[in-house]
Amino acid sequence: MSSYNPKEFEKEWQKRWKENHAYKVENHSTKPKYYVLDMFPYPSGAGLHVGHPLGYIASDIVSRYKRHKGFNVLHPMGFDAFGLPAEQYAIQTGQHPAVTTAQNIARYKEQLDNIGFSYDWSREVQTCDPEYYKWTQWIFCRLFESWYDKSADRARSISELEEIFNKEGNATVNAHSDETPVFTAEEWKAKNHEEQQQILLNYRLAYLADQMVNWCPELGTVLANEEVKDGVSERGGYPVFRVNMRQWFLRITAYAERLLDDLDTIDWPEPLKEQQRNWIGRSEGASIFFELAPGYSDLTPSPSPKERGDAEPGWKGTSQEDWKTLMPFARENRKNNTEAENELWQLLRDNKLGQRFRRQHAIGKFIVDFVCLPAKLVVEVDGSIHDSEENKELDAGRTYELEQLGFKVIRFTNDEVLKNPYSVRDQIKAALAASPLSFGEGSGVRSENGISAGEDAGLPPSPLERGRGEVRIEVFSTRPDTIYGATFMVLAPEHELVQQITTAEQKTEVEKYIEYAGKRSERDRMSEVKTVTGCFTGAYALNPFTGKQIPVWIADYVLAGYGTGAVMAVPGHDSRDYAFAKHFGLSIVQVVTDKDNSVSIDEEAYEAKDGILINSDILNGLAVPEAKKRIIAELEKLGIGKGKTNFRLRDAGFSRQRYWGEPFPVVYRNGLPYLVDESELPVTLPDVQSYKPTGDGSSPLAAIEEWVNTPNGKRETNTMPGWAGSSWYFLRYMDPNNANEFASKDIVDYWQNVDLYLGGSEHATGHLLYVRFWTKFLYDIGKIPVAEPARKLINQGMIQGVSQKIYRALPDEDGKIPLIYSIKDKGNYTSADAYEIFVSEEAAKDGYPSKLQLIHVPIIHVDNGVLNIQSLIKDDIDLISDKDSNVFITKYGAWYANSATYEMTFENFFDYSDSEVLHKDFYTVPEIEKMSKSKWNVVNPDDMVEKYGADTLRLYEMFLGPLEQSKPWNTNGIEGVYRFLGKLWRLFFNDKGEFEVSDAEPTKEELKILHKTIKKTAEDIENFSFNTTVSAFMICVNELGQLKCNKRAVLEPLLVCLSPYAPHIAEELWARLGHTEGILDVQFPEFNNQYLVENSFSYPVSINGKTRVQIEFPLDASEDSVKDGVLANETVQKWLEGKPLKKFIFVKGRIINVVV
RNA sequence: GCUCGGGUGGCGGAAUAGGUAGACGCGCAGGACUUAAAAUCCUGUUGGCAGCAAUGUCAGUACGGGUUCGAUUCCCGUCCCGAGCACCA
């Protein structure tokens, strides 16, 4: 009983803490509050590994310390429980994600409790709990019912916006919104309900839009930008395509400025802030319009849609690739027809008009509502959504492109169809009759009267038919001051004007380039080589300031997605433009120089932003910042541009075509979204037969008709993304069981926000941006008192695992794996059935004659050149059925018999003369990387607790190094920490092994040791320097051990200092000292400096900067007396060697330096 | 390419308003206790040179310069490692 054995008491204390609700936190207290939060984990099937607790231990130490310091500490834990892995697992096994998630959570909690954390589990939240996501949905509703008033710089309610519309229209509204045509109050009132709703959607902070999104067919869902890396999904590495989809978006861009500015108010790591700044990507400059030069009138329309070269013109123009992309949406559309579409279909189907119609059919790049292919007639039925100017223009473009494919297009509105279906049918009939029928399909019926439906449809003119002088190219530039040096323009290949402005001569080349650029981007990402490419369109624009015609080019260094997708190229002062101009021989004009006018742009562009303008007429002599202001004023005066701030940040896609997420509290009527009544919250997830993504872009929920169809409309069948629930969870912890509000006002007012937030830096541009966004929104609508979620944030480093990789040879088409070298000569060992080959990294580089796959393997043991297969092969790797076989390794291969009876030894196959090639490094590739089950490098904290106890694990993880630093896990030092706890334990026991503590007065020396430790502990915790505190404890215990100090007056305060780090042993010894109350709430010992004060100091004396001797002087000794003492010293005399004293440096309490 | 971190013994890492470099731990070596082992305790451990030894002495915080009585710490340049961003106009 006398030796330290954590197993004897750790579990017992954990049980008692639980039974006594030792960690229960009250919402009302006279104590000051302190909120310590860990980023809650996603409960994966693999369980916790030793990396997870690193941050949790640190936050637990702070929590316990603050509690000792008299704070009311909120330290909760919960689970981010919605997400893809559980759903993927459900797809594979058919198990409900809720079931597996609950299992995983139970396992996590068990593991966490093993380590003795001070969480108040009564406040646990799980994002997948309906009682939780009710409020996630509720916040979504608030976003839907809000708009952003730029003038007030905050979110306001939609009802206030409606009031403004009713009073004065939208002209005076300065909102962060989609482009909306101006209307007066009268015009607003004249609009019907649906039209009004459609317009309001342009303003809402949660809105629907068709946008290009990252569609991942394998995962069956849309992914956020940050979930896509290098064109494949971050999770799983599946290919991702850019497709157009109708999605929910959150208008985070409205908050871009505040998200950026408020970074200065919070104590977060600088690199993380930098990442957010980068992601938000604010740049100031100007938007400028360039007119096309009149001289380009020789152009002829180049009407062909961008087919990427793989489609024939004509109606067959839907390429296979386009069709593959479009088909799922077409199918989906067929299921989700509007009422009007259904109505009309009944009149058209089954050859009712004498011709076969198809619905939701792909033509070119479009899915049209109805088409009669033989008659080449397209019929479109549009909701009121098509009434906006923007959509009219889109529709016009669509009509135009369809016409280029040889189709006639007629359009009807929903209303027309619903009110006068037969009139609509007759018009279609007439159009059919007017169409020259293609051969083949249908009966060839032709009608008597030949009205041209195309003309009748009253289409707006195609962009080409408008006056050419109207064509203007808008650019964004951060250097408008250099406009006099703009000698050409460059558009992105995808720019909408490219087709329109390209001249006949350049048409072929431009199309070739567009095709090339489309293919290039993929390849370009792979290779880092940057080549200059581009193509002249034949068109010229006018530089509004020099009046010169400047050529318009297209090039893929201009991105379609940023700014306007077009730039004014200033080769003299932008390196990319410079390279482009040099490559294509375009003119380069210098317009900025430095103070001495010594800048040459013969070799490279001059990009400095502190120069002086030259060759720039009105700007000459101005410094760059002044020139910017001047030119912007000029642009605004001329009405061809204005100052503008651009952000890189995009609105956040908020729809996922998935099952395991929060359902939207939304139903659709007539294609318009409406919130469900608040009393219906939460909208719970129904059970489904299959969790498989449908593959056509809709979630598994869409299949459950009884859920989808409600008396009030059809439910939204997408679910919210994983980050929805985590964007506000820190608030729910404050008041987790509130059934009436997400959290009550007075409780939120008490806890405010998080004082210390701990988590990984990988969430910099995801969770941490979204949670700031939602916090600001909730602040705007008056629900919470602060606009930032966390005052201080610390990124704990990752604890990495050491994994080993090996190259595995894959069989060829004939099932053979080539063996080479001497093995080959031994004969028939090439069958993939019999052997599996692993080759070295070296062999892989040498060009091993087979496809190779890099796989992770568990740590491999090699004994006498024979590999132990048991360590190599585990069920999950599925390499071999018999685990007792041996594997053999050579420079070029490792192999083993697939049969238990077939015994092979190294000698059988390999000539020993070559055996020096056998070396571990030849076949394994050790690498330090993230711990993960699939990499076989996971260390389970339970094993550590089992062997050494929770306190040792806690101390050791802290002792590894600075919290923020990433480091590989190794258990080399853990014994030392365990030994330290043993030494501490022994301080309380006498030689006979009996508990014995003395009540004697401590000596001055003992008190000094104690107070040194108290000071260090308190300072280090405040600085989050946990590793050095552990050293301090060790020093303290070593010193007390030397003195054989077992005095209560020293040991009691020491236990309190140690208790945040090692709560179990502290609590156990505290109890043995006779305390009936636990140690948790004991006041942290006061540091008293008087015990540290010395009256003399042993000065290091250096001669010419090198320390030579130590001499003790009283601290209050005068410099002169010290000087005399030093110079009289023997050693000093020796070094002086009689040389004259040049200088005498005396720093009190620090150092003495003698210069000769 | 740009931005931000960081290079200290065999290893993890201490120490920077400029002031004894290598705390603490691991590992290693030697010793004590023991019939033995475990456990525990003690001693040494940056490198070179000299010495039986105590010790002395020189070098030393990636590299090259600078400021200073004094630089791991501040400044300039170079190299390397890590993270983030990456045609953002």
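Just so we're on the same page: letters track the sequence lines, and every chain starts at 1. Just the heavy atoms: all of them, side chains too, but no hydrogens, waters or symmetry mates, feed the values below.
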No-hydrogen, no-angle side-chain donor-acceptor test under 3.5 Å, A:N543 and A:Y484:
no
Pairs under 3.5 angstrom, nitrogen or oxygen only, protein versus nucleotides 56-60 of chain B, please.
| residue | atom | partner | partner atom | Å |
| --- | --- | --- | --- | --- |
| B:rC58 | OP2 | A:R1108 | NH1 | 3.3 |

From CG (A:D577) to NZ (A:K582), nearest 0.5 Å
13.5 Å
Please state whether the phosphate of B:rC41, meaning OP1 or OP2, lies under 4.0 angstrom from any side-chain nitrogen or oxygen of A:R986.
yes
Residues at least two apart in sequence or cross-chain that pass salt bridge (charged side-chain N to carboxylate O under 4.0 Å, His left out) with A:K644, listed by chain then number, are none
Could you work out, with side-chain contact (heavy atoms from CB on, under 4.5 Å) as the rule, every residue matching A:E274, not counting sequence neighbours?
A:E270, A:R277
Separation of B:rG82 P from A:M798 CE (nearest whole Å)
14 Å
For A:F488, enumerate each residue passing the ring pair (Phe, Tyr, Trp, His ring centres under 6.0 Å) test, keeping only those at least two apart in sequence or located in another chain.
A:F580
Assigned chi class of B:rG70 under the 90° convention is anti
When rounded to the nearest 0.5 Å, the distance separating CZ of A:F995 from CG of A:N1046 is 9.5 Å
If a protein heavy atom is under 4.0 Å from the base, mark B; if only from the sugar-phosphate, S; if neither, -; do that for nucleotides 18-33 of chain B going 5' to 3'.
-BB--BBSSS------
Hey, is the side chain of A:Q276 poking within less than 4.0 Å of OP1 or OP2 on B:rG84, counting only N and O atoms?
no
Can you tell me if A:Q965 touches the phosphate of B:rG13, counting only side-chain N or O atoms and a distance under 4.0 Å to OP1 or OP2?
yes
Given the C1' atoms of B:rU8 and B:rA23, what is the spacing between them in whole Å?
13 Å
What interatomic distance, in whole Å, is found between P of B:rC42 and the corresponding atom of B:rG48?
28 Å
Would you say B:rG1 has OP1 or OP2 under 4.0 Å from some side-chain N or O of A:S575?
no
Which side-chain N or O atoms in residues 956-963 of chain A pair as donor and acceptor under 3.5 Å with protein atoms at least two apart or in another chain?
| residue | atom | partner | partner atom | Å |
| --- | --- | --- | --- | --- |
| A:Y956 | OH | A:N970 | O | 2.7 |
| A:Y956 | OH | A:G973 | N | 3.4 |
| A:E957 | OE1 | A:L54 | N | 3.4 |

Can you tell me how far apart CZ (A:F536) and CG (A:L586) are? Round to the nearest 0.5 Å.
9.0 Å
From OH of A:Y4 over to P of B:rA38, roughly how many Å is that when rounded to an integer?
22 Å
Taking the same atom, P, in B:rC4 and in B:rC58, what whole-Å distance lies between them?
41 Å
Whole angstrom value for the distance that separates P of B:rA89 from CE of A:M568:
12 Å
Please state the C1' separation for the pair B:rG13 and B:rA17 - nearest whole angstrom.
24 Å
Using a 3.5 Å distance criterion without hydrogens, assess whether the side chain of A:H573 forms a donor-acceptor pair with backbone atoms of A:V591.
yes
Taking the same atom, P, in B:rG12 and in B:rG64, what whole-Å distance lies between them?
23 Å
Can you check the A:I473 CD1 to B:rA89 C1' distance for me, whole Å?
15 Å
